[in-house]
Amino acid sequence: MAKKEERFEVTFRDGSQLKAEGVRQILVDKETGVNYLCWKSGYGAAITPLLDSEGKIIVTR
């Protein structure tokens, strides 16, 4: 069976699950190019699209 390619690529990672501030990552959707900020700490997590100074979604192609 062929291995399925991952849709998201981690382009930045900072922090640690062992510390209170948790882990911050920037993910890029390989199909759309949209950048997301993902934050995980303990049992909580959040994800949101990254925006530029004009409020437009950041897209990497």
Exercise. Kindly write out the residues that satisfy salt bridge (charged side-chain N to carboxylate O under 4.0 Å, His left out) with D52, not counting sequence neighbours, or none if the list is empty.
Key: none

Quiz item: Can you name the side chain to side chain donor-acceptor pair (under 3.5 Å) partners of T60, sequence neighbours left out?
Solution: N35

Quiz item: Which residues pass the side chain to side chain donor-acceptor pair (under 3.5 Å) test with T32, sequence neighbours left out?
Solution: D29

Self-check item: Separation between CD of Q25 and CZ of F8, rounded to the nearest 0.5 Å
Solution: 12.0 Å

Taking only distance into account, with no hydrogens and no angle test, what donor-acceptor pairs under 3.5 Å do side-chain atoms of residues 38-48 form with protein atoms, sequence neighbours excluded?
from	atom 1	to	atom 2	distance (Å)
W39	NE1	E21	O	2.9
S41	OG	A20	O	3.1

Self-check item: For E6, all residues meeting side-chain contact (heavy atoms from CB on, under 4.5 Å), sequence neighbours excluded
Solution: none

Self-check item: E5: partners by salt bridge (charged side-chain N to carboxylate O under 4.0 Å, His left out), with sequence neighbours left out
Solution: K30

Quiz item: side-chain contact (heavy atoms from CB on, under 4.5 Å) with K4: which residues, sequence neighbours excluded?
Solution: none

Exercise. Sequence neighbours left out, what passes salt bridge (charged side-chain N to carboxylate O under 4.0 Å, His left out) with R13? Give chain and number order.
Key: none

Quiz item: Other hydrophobic cluster members with L50, side-chain heavy atoms of Ile/Leu/Val/Met/Phe/Trp/Tyr under 4.5 Å, chained?
Solution: F12, I26, L37, I58

Quiz prompt | All side-chain contact (heavy atoms from CB on, under 4.5 Å) counterparts of L51, not counting sequence neighbours | solution = I57

